[in-house]
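What you see below is based on every heavy atom in this structure, not just the backbone, and it leaves out hydrogens, waters and symmetry mates.
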Amino acid sequence: MAKSRLIGSYPVIGIRPTIDGRRGPLKVRESLEVQTMNMAKNAAKLIAENVFYSNGEPVKVVIADTTIGRVAEAAACADKFKKEGVDITLTVTPCWCYGSETMDMDPMTIKAVWGFNGTERPGAVYLAAVLAGHAQKGLPAFGIYGHDVQDLDDTTIPCDVAEKILRFARCAVAVATMRGKSYLQIGSICMGIAGSIVDVNMFEEYLGMRVESVDEVEIIRRMTEGIYDEKEYQKALAWVKAKCNADFDKNPEELQRTAEQKEKDWEFTAKMACIIKDLMNGNPNLPQGAEEEMVGHNAIASGFQGQRQWTDFYPNCDFPESILNSTFDWNGAREPYILATENDSLNGVCMLFGKLLTGRAQIFADVRTYWSGDAIKRVTGYEIDGKAKEADGFIHLINSGAACVDACGEVKDENGNAIMKKWWEMTDKDIDTCMAATTWPYADLGYFRGGGYSSRFVTRAEMPCTMMRLNMVKGLGPVMQIAEGWTVSIPDEVTHKLWKRTDYTWPCTWFAPRVTGKGAFKTAYDVMNNWGANHGAISYGHIGADLITMCSMLRIPVCMHNVDEDKIYRPAAWNAFGMDKEGQDYRACEAYGPLYKNIRK
């Protein structure tokens, strides 16, 4: 797989096989050695085969050298894990063990414990005892306990146990991957959008990240002084000319730019995309004398201000945003970048969460308009059906041409279903399909006086997806909103009648949330009416349960979601904060505080 663009190793998962420490004439410990170590090996195999880093490599899993029956072995395990770079631990056992002697006491690791559901030895008793110890010591851990009793010699991992192990592992790897990385804001506050008022404390205390800032003029400086990779730029420009299909110019004829001016805009935006990549992660191929610029900002995510000062004078950033957020560029398939439109850092964080959990490109969009079934019929004569009818309409997701082109929905899986693939599964044919489905109209000069190009496509497929949004609330901190649902396919003539009522040069996706008939999910209207900001990040697939688990690791409460209660998985200590799941979450997150708060004191 691809080499990581970031400085710093990927997080490692350590498996801790704990065991009853009693030896003596009945050889209690000895009788459990094989079963205990096999649990560890099976868990490691499950994770390594199903969980991946963002560069597509299988997650590295290490196992303690011995089973852990007493504190000396716990210390030996901790020493090994420190050398191996372990950030995440999964303790496994089929039996009773000595709780506080064998537990993971590292305050910085993300922890889970799997207690085997069997009758011969009380693995469940240890699970309960050690989780009580974790709660008492302020070290939250996730509990894993199978629903059905297993036989002593059963080495399989039940489906419900596997689901929890993999959810824990995916989310913990995502959380630990962000640690020590940067969010790079290029520019600053955009049009008064709250998400572009970057909260440095939130990044540091909740995500373990730093915030780096450069002025947008740095891009112009690098263009002017030739501080970019000329070979890369020429390759990008040639690809743009071959693959980017020009579309209409909506501007009044007397204001339209000449063909020569438009060609210059393509050259500018292609160069801009190359430079933004360099700003994020550096480039050893920059010209001699640019050693400082070669190193980059170690940015795992970034945002570009754009409006208004930049876009009133220079071509917009829609092409760089659209292509960098996609699963490919002129170099072929590659890990998506995260580049938030309008420097909406909170939407950028959600896009980062989605990418780290799925390995897929993320959609940045305005949560722009709710269309009820009655309004659609009045305007177009069309009677909605399927998911849209269930939700009594849909929400129009659209922004200034900056959405990843994977969202066109034209790529298919082996069964012919529309899909947004993991980046390492994208083929050259898939890339050509996405580019053929996308056109590039000239920018609306009412929005972008400096010109540029916007990506344009229609999502003509029903795909499962999850819309999310992180909001900052004074006195509360960050809170997460999650809405699982589907993209909606409607007849082209209906799409165009609705689409033309807003900006017709921007990409168009219709979204129907899964409704529950009550509260914020009574209908699509209620989702729109309860959404906390003007933007949303949209990920392929129903990943709401993963997001809830991930947020609990970060101590970010979830204020709105439509995930089934039996899929909600949080640290066991949350159960001590009341019987209602939402209230538990708020109280526990407040009690424990941000994940990295102790480092900051």
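Applying the ring pair (Phe, Tyr, Trp, His ring centres under 6.0 Å) test to W330 and every residue at least two apart in sequence or in another chain returns nothing. With sequence neighbours excluded, the residues forming a salt bridge (Lys or Arg N to Asp or Glu O under 4.0 Å) with E267 are K264, listed by chain and number. Every residue two or more places apart in sequence or in another chain was checked for a ring pair (Phe, Tyr, Trp, His ring centres under 6.0 Å) with Y540, and none qualifies. Looking at residues two or more places apart in sequence or on another chain, you find a side chain to side chain contact (heavy atoms under 4.5 Å, CB included) between P252 and E254, L255. In terms of the salt bridge (Lys or Arg N to Asp or Glu O under 4.0 Å) criterion, residue partners of K355 (sequence neighbours excluded) are, by chain and number, E335.
Within the 3.5 Å criterion, the main-chain N or O of W506 finds a donor-acceptor partner in the side chain of W499. Looking only at distances, no side-chain donor or acceptor of S196 sits under 3.5 Å from a matching main-chain atom of N343.
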Worked check of side-chain hydrogen bond (donor to acceptor under 3.5 Å, both in side chains) between T505 and D444:
CA-CA 8 Å; T505 67; D444 182 337; 5.7 Å; no

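Of the N and O atoms on the side chains of K250 and Y504, not one donor lies less than 3.5 Å from an acceptor on the other residue.
Residue R179 places its CZ atom among more than 12 non-hydrogen atoms of other residues, nucleotides or ligands, all under 6.0 Å distant. Other residues, nucleotides and ligands contribute over 12 non-hydrogen atoms within 6.0 Å of the NZ atom of K412. More than 12 non-hydrogen atoms from other residues, nucleotides or ligands lie less than 6.0 angstrom from NZ of K262.
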Would you list the atom pairs, donor with acceptor, under 3.5 Å between side chains in residues 473-482 and any protein atom, with sequence neighbours excluded?
from: Q481; atom 1: OE1; to: N471; atom 2: ND2; distance (Å): 2.9
from: Q481; atom 1: OE1; to: G532; atom 2: N; distance (Å): 2.7
from: Q481; atom 1: NE2; to: N530; atom 2: O; distance (Å): 2.7

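The shortest heavy-atom contact between W531 and M468 is CZ2-C, 3.6 Å.
The ring pair (Phe, Tyr, Trp, His ring centres under 6.0 Å) with Y453 is formed by just one residue from the set F268, W266, F319; it is W266.
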